[in-house]
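Numbering of ligands and ligand atoms starts at 1, following listing order. The chain is numbered in sequence order, starting from 1.
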Amino acid sequence: MKKHVNRSKLQLLSMSLLGFALSFSVPSSVRAQTQEVQVIEITARKYEYSGSPIHVKLGSQVKLKINATDHDHGFKIDEGTPSRAQGLVFTSAQDCWLLKKGETTIIEFLAQTPGTYTFKCCHTCGLGHNGMKGEIIVDR
Ligand SMILES: [Cu+2]
């Protein structure tokens, strides 16, 4: 009985290893294509964005789905981030997205230039608000 349990655990492990390996092998084969849509789901809560840093593929259209779990939050690309206009091309011209508590906000952009882009909360949410930041990394 015990042996059986161990075997299924092993199978699970080898399957997750395969998935891990695939996650590395897939990007190189699709890198040449443009307009690939990448959907990324993260959460915003006091005072962090889950899944940060967020890695995206160069040339892909990114659909960022942010679920604010505990409070209204915001999403804004940091002014200090270089070449905002050329680096991440947003489908919307707005500067600050309000992330309503309990709702999922979709933010879309084209990952046009490799680099690290900092974003931050732009809706006052409490004491740690100013430190609520995350990073989007466009891999080459
Ligand atoms: Cu905030």
Side-chain angles (χ1 to χ4, degrees):
M1 204 58 189
K2 194 145 209 270
K3 257 188 182 164
H4 181 72
V5 170
N6 283 341
R7 192 175 299 156
S8 54
K9 263 188 186 166
L10 256 175
Q11 277 174 348
L12 213 95
L13 181 70
S14 58
M15 273 169 73
S16 52
L17 277 175
L18 183 69
F20 187 65
L22 280 174
S23 71
F24 278 101
S25 61
V26 170
S28 57
S29 61
V30 294
R31 195 165 285 166
Q33 298 173 11
T34 54
Q35 297 304 318
E36 183 200 352
V37 178
Q38 208 179 343
V39 180
I40 296 168
E41 296 183 37
I42 66 167
T43 60
R45 65 180 170 95
K46 291 181 180 184
Y47 295 101
E48 61 184 20
Y49 298 92
S50 73
S52 174
I54 300 159
H55 284 267
V56 300
K57 291 172 208 149
L58 178 62
S60 66
Q61 189 71 33
V62 179
K63 196 178 265 207
L64 194 57
K65 294 174 144 185
I66 311 180
N67 183 17
T69 57
D70 62 346
H71 197 279
D72 287 358
H73 291 288
F75 175 96
K76 178 187 165 91
I77 293 292
D78 209 358
E79 287 92 357
T81 297
S83 65
R84 181 206 153 153
Q86 296 146 10
L88 305 178
V89 184
F90 289 85
T91 53
S92 161
Q94 72 194 96
D95 189 46
C96 169
W97 281 261
L98 173 64
L99 313 172
K100 296 282 283 176
K101 177 187 174 181
E103 291 181 17
T104 299
T105 304
I106 298 174
I107 298 170
E108 289 181 87
F109 62 88
L110 171 68
Q112 188 162 275
T113 310
T116 300
Y117 304 88
T118 307
F119 61 88
K120 61 183 181 182
C121 183
C122 54
H123 179 86
T124 307
C125 57
L127 284 175
H129 167 67
N130 287 332
M132 188 168 169
K133 292 183 177 181
E135 276 181 351
I136 294 169
I137 299 173
V138 180
D139 296 311
R140 355 187 124 248

(message) So does N130 get a backbone contact from the side chain of Y47, meaning a donor-acceptor N/O pair under 3.5 Å?
(response) no
(message) Measuring from atom NZ of K63 to atom CD of Q38, what distance do you get when rounded to the nearest 0.5 angstrom?
(response) 13.0 Å
(message) Can you tell me which N/O/S atom of H129 has the shortest distance to the Cu ion (ligand 1)?
(response) ND1
(message) Could you check whether W97 and F119 have their ring centres less than 6.0 Å apart?
(response) no
(message) I'd like to know: is the Cu ion (ligand 1) within the 2.8 Å range of an N/O/S atom from C121, strictly under that distance?
(response) yes
(request) Apply the side chain to side chain contact (heavy atoms under 4.5 Å, CB included) test between K46 and each candidate in M132, H71, H129; give the one that qualifies. (result) H71
(request) Report the name of the N/O/S atom of H123 located nearest to the Cu ion (ligand 1). (result) O
